[in-house]
Amino acid sequence: MENIKLSIRAIAAYEKISIEELARRCDINVGHLKQVSAGNVKMLAEDVQKIAAYTGIPADNIIA
């Protein structure tokens, strides 16, 4: 994948699932991921790794 940065909302949309479902599938606290997607808190490095592992999107391409 090119060096394209993807937001949590874009990743969920690409996977055709909600942010809540993305959180569940990646074993991330739903409330925390919703706060990340709203820009209220920063994403934890371990959460980036979980999303990368689930989606196959390189961690460097995932942004909050």
| query | Are the charged groups of E21 and R25 less than 4.0 angstrom apart, N to O? | reply | yes
| task | Kindly determine whether H32 and D47 satisfy side chain to side chain contact (heavy atoms under 4.5 Å, CB included), including the steps that lead there. | result | CA-CA 10 Å; H32 177 73; D47 294 344; 3.3 Å; yes
| request: Answer yes or no: is there a side-chain heavy-atom contact under 4.5 Å between L6 and I62? | output: no
| field | Separation between OH of Y14 and CD1 of I57, rounded to the nearest 0.5 Å | value | 7.0 Å
| note | Minimal heavy-atom distance between A52 and A59, with the atoms involved, is CB-N, 3.9 Å
| query | With the 4.5 Å side-chain cut-off for hydrophobic clustering, are L44 and I51 part of the same group? | reply | no
| Contact summary for N29 and G31, nearest pair of heavy atoms | OD1-N, 2.9 Å
| request: Would you give the length of the straight line joining atom OH of Y54 to atom CG of D27, rounded to the nearest 0.5 angstrom? | output: 13.0 Å
| field | From CD1 (I28) to CD (E20), nearest 0.5 Å | value | 12.5 Å
| task | Decide yes or no for K42 and V36: does some side-chain heavy atom of the first lie under 4.5 Å from some side-chain heavy atom of the second? | result | no
| For the atom pair CZ (R9) and NZ (K34), what is the distance rounded to the nearest 0.5 Å? | 10.5 Å
| Atom pair SG (C26) and CG (L33), whose distance is rounded to the nearest 0.5 Å | 8.0 Å
| task | Looking only at non-hydrogen atoms, find the nearest pair between S37 and I19 and report the distance. | result | OG-CD1, 3.5 Å
| request: Give a yes or no on whether V30 and V41 share a hydrophobic cluster (residues Ile, Leu, Val, Met, Phe, Trp, Tyr; joining criterion: side-chain heavy atoms under 4.5 Å apart). | output: no
